[in-house]
Undergrad: 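Would you mind keeping the following structure in view while I ask a few things?
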Amino acid sequence: MESEVSILIPVFNQNVTALVETLHQEASSLPISFEIRVYDDGSNAVIQHQNQSLEGVSGVVYQKLPQNVGRSQIRYKLAQEARFPHLLFLDNDVLPVYPDFLQRYLVVGDEGVTVGGVAYKENPPTGQELRWKYGKAREEAPARERQKNPYQRVFSSNLFLLKEVFLACFSQNELSGYGHEDTLFAWRLQQSQIDVHHIDNPVWHLGLEPADVFLLKTQQALHNLVLLHRKHGLGKDTKLLKAHASLARWKVGQLLRENSNWLFPLLKKNLVSRKPNLRMFDLYRLLLLDKYLKK
């Protein structure tokens, strides 16, 4: 393929100078035309000051939005304004694992959508054990495993595709808040019969949230999942909704519901601890899911 790539990084309260420097250094060494678009979505003044130096870097377009527009809209805006036909989306809290990160995407060619994957360090940061444990167990996986269910792990945190495909399949404003934008995007790719290819080209996920923040985001994500389930029937094949259906069949859901007032605090106590249990996290999510489905 002709190597013209727009690297797109939405930013919110994150210093991205190290990420941009890493990408710029490799891109400059390759025979490609490239740009790195960094759009700040209403970060605080300290972060904006830290990222200000990017304005003077050749090939970098640094733009501060006048107000926060949210996760979906900023990605859509980045794609709309990208100069080149190939897009590489990266989250603002990642770093490439391999030094030939861009090269690994460029050899793929125009084969639908390519997902590089995500990786987590071997030891959890203090206070972020739950997010690390979840990511390590549920998100990190080699390409051969991800390819078995190609539409399940489509993460816009590390995604390479054609601009026309993204604009056609990504929802600009159907969801608000955090969670499941990628679920909706993957569903639309599947509906459009656009192939998803997984390769081993991960990024380190470094910006892990403290447990209480991750639990709040989990609530927002489950709320969005219920909206998508009601509107499009999405999520029925997920382990979470399958488990909920099983509980309903065996009349266990009612029992859990009746005991949720004391179960929630008990589960949360474990989840914010240094040794969170993912089975307890799954039960916590099931109780929340049931609550939102009953509304």
Side-chain angles (χ1 to χ4, degrees), residues 10 12-14 41 68-76 89 91-94 115 117-118 120 128-141 146 149 151-159 169-190 205 207-245 247 256 260 263-264 267-268 270-272 276-295:
F12 182 70
N13 286 340
Q14 194 77 32
D41 196 19
N68 182 279
V69 298
R71 293 166 56 85
S72 295
Q73 287 200 39
I74 194 170
R75 282 171 171 76
Y76 200 86
F89 271 97
D91 273 359
N92 64 182
D93 59 353
V94 304
V115 182
V118 63
Y120 291 82
Q128 299 159 6
E129 290 85 0
L130 176 61
R131 183 65 185 93
W132 174 86
K133 199 166 190 176
Y134 180 81
K136 197 78 173 165
R138 307 286 175 81
E139 296 174 347
E140 181 180 287
R146 287 183 273 127
N149 296 289
Y151 297 97
Q152 279 191 7
R153 286 187 174 105
V154 177
F155 298 138
S156 58
S157 57
N158 185 15
L159 186 70
C169 295
F170 189 82
S171 174
Q172 182 180 4
N173 51 23
E174 189 165 342
L175 292 174
S176 61
Y178 174 89
H180 290 288
E181 306 93 341
D182 292 342
T183 303
L184 178 58
F185 178 55
W187 177 73
R188 289 194 163 146
L189 291 174
Q190 190 170 19
H205 185 191
L208 307 184
E209 307 95 339
D212 56 344
V213 176
F214 183 51
L215 290 178
L216 179 60
K217 286 188 170 184
T218 297
Q219 292 178 34
Q220 296 170 348
L222 287 173
H223 183 265
N224 278 348
L225 178 62
V226 169
L227 289 177
L228 292 177
H229 180 64
R230 286 174 173 162
K231 186 171 184 179
H232 301 296
L234 269 71
K236 57 190 174 185
D237 294 328
T238 63
K239 290 181 180 179
L240 193 63
L241 275 164
K242 283 182 176 179
H244 184 270
L247 291 178
L256 290 174
S260 62
L263 268 175
F264 268 123
L267 293 171
K268 188 171 181 180
N270 169 265
L271 298 177
V272 300
N277 184 298
L278 287 185
R279 289 185 181 275
M280 289 194 176
F281 183 52
D282 290 338
L283 180 55
Y284 179 85
R285 293 162 69 218
L286 269 174
L287 289 171
L288 279 176
L289 179 65
D290 182 75
K291 178 181 175 181
Y292 295 149
L293 285 170
K294 297 302 177 187
K295 285 185 177 180

Undergrad: So, for His205 and Val118, which heavy atoms are closest and what is the spacing to 0.1 Å?
TA: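 His205 and Val118 have their closest heavy atoms at CB-CG2, 3.6 Å.
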Undergrad: What I'd like to find out is whether the side chain of Phe12 reaches to under 4.5 Å of the side chain of Asn68, using heavy atoms alone.
TA: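 Answer yes - side chains close enough.
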Undergrad: Any idea which heavy atoms bring Leu287 and Leu267 closest together, and the distance?
TA: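 Minimum heavy-atom separation between Leu287 and Leu267: CD1-CD1, 3.8 Å.
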Undergrad: So do the side chains of Asn224 and Leu184 get within less than 4.5 Å of each other, counting heavy atoms only?
TA: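 No. Closest side-chain heavy atoms not under 4.5 Å.
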Undergrad: Set out, in order, the CA-CA distance, both residues' side-chain angles and the distance that settles side chain to side chain contact (heavy atoms under 4.5 Å, CB included) for Gln219 and Leu288, then state yes or no.
TA: CA-CA 7 Å; Gln219 292 178 34; Leu288 279 176; 3.6 Å; yes
Undergrad: Check this for me: does any side-chain nitrogen of one of Asp41 and Arg75 sit under 4.0 Å from a carboxylate oxygen of the other?
TA: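 The answer is no: the pair does not qualify as a salt bridge.
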Undergrad: For Phe89, which residues count as a ring-ring contact (aromatic ring centres under 6.0 Å, His included) partner, sequence neighbours excluded?
TA: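 Listed in chain order: Phe166.
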Undergrad: Any idea which heavy atoms bring Val69 and Ile74 closest together, and the distance?
TA: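 So the two residues come closest at CG2-N, 3.7 Å.
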Undergrad: Run the salt-bridge test on Glu139 and Arg131 with the 4.0 Å N-O cut-off and return the result as yes or no.
TA: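 Yes, charged N to carboxylate O under 4.0 Å.
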Undergrad: Indicate yes or no for a side-chain donor-acceptor contact from Glu140 to the backbone of Tyr120 under 3.5 Å, with no hydrogens or angles considered.
TA: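 Judged by distance alone, yes, a pair lies under 3.5 Å.
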Undergrad: On a heavy-atom basis, which atom in Pro276 and which in Lys133 lie closest, and how many Å separate them?
TA: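 Between these two residues, the closest heavy atoms are O-NZ, 2.8 Å.
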Undergrad: What's the shortest heavy-atom distance between Ser156 and Asp91, and which atoms?
TA: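 Smallest interatomic distance, heavy atoms only, reads O-OD1, 4.2 Å.
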Undergrad: Can you establish whether the number of heavy atoms outside Lys268 located under 6.0 Å from its atom NZ is more than 12?
TA: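 Open.
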Undergrad: Please tell me if the side chains of Asn158 and Val94 come closer than 4.5 Å, counting only heavy atoms from C-beta onward.
TA: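 Asn158 does not reach Val94 side chain to side chain.
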Undergrad: Provide the closest heavy-atom pair for Leu215 versus Tyr284 in the form atom of the first, atom of the second, distance.
TA: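 So the minimum-distance heavy-atom pair works out to CD2-CE2, 3.7 Å.
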Undergrad: Should Trp187 and Tyr151 count as side-chain neighbours, where that means a heavy-atom distance under 4.5 Å?
TA: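 In short, these two side chains do not touch, never coming nearer than 4.5 Å.
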Undergrad: Between atom CG of Asp212 and atom CG of Leu271, what is the distance when rounded to the nearest 0.5 Å?
TA: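 If we round to the nearest 0.5 Å, Asp212:CG and Leu271:CG are 11.5 Å apart.
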Undergrad: Looking at CG of Asn92 and CD of Gln14, how far apart are the two atoms once the value is rounded to the nearest 0.5 Å?
TA: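 So the CG of Asn92 and the CD of Gln14 are separated by 5.0 Å.
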Undergrad: Could you state the interatomic distance from CG (Leu289) to CG (Leu283), rounded to the nearest 0.5 Å?
TA: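 With rounding to 0.5 Å, CG (Leu289) is 12.0 Å from CG (Leu283).
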Undergrad: Under the ring-ring contact (aromatic ring centres under 6.0 Å, His included) test, which residues partner Phe281, sequence neighbours left out?
TA: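 Phe281: ring-ring contact (aromatic ring centres under 6.0 Å, His included) contacts with Tyr134, Phe214.
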Undergrad: To the nearest 0.5 Å, how far apart are CG in Asn270 and CG in Leu130?
TA: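 Nearest 0.5 Å value for the CG-CG distance: 8.5 Å.
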Undergrad: Residues in salt bridge (Lys or Arg N to Asp or Glu O under 4.0 Å) with Asp282, at least two apart?
TA: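 Asp282 satisfies salt bridge (Lys or Arg N to Asp or Glu O under 4.0 Å) with Arg138, Arg285 once adjacent residues are dropped.
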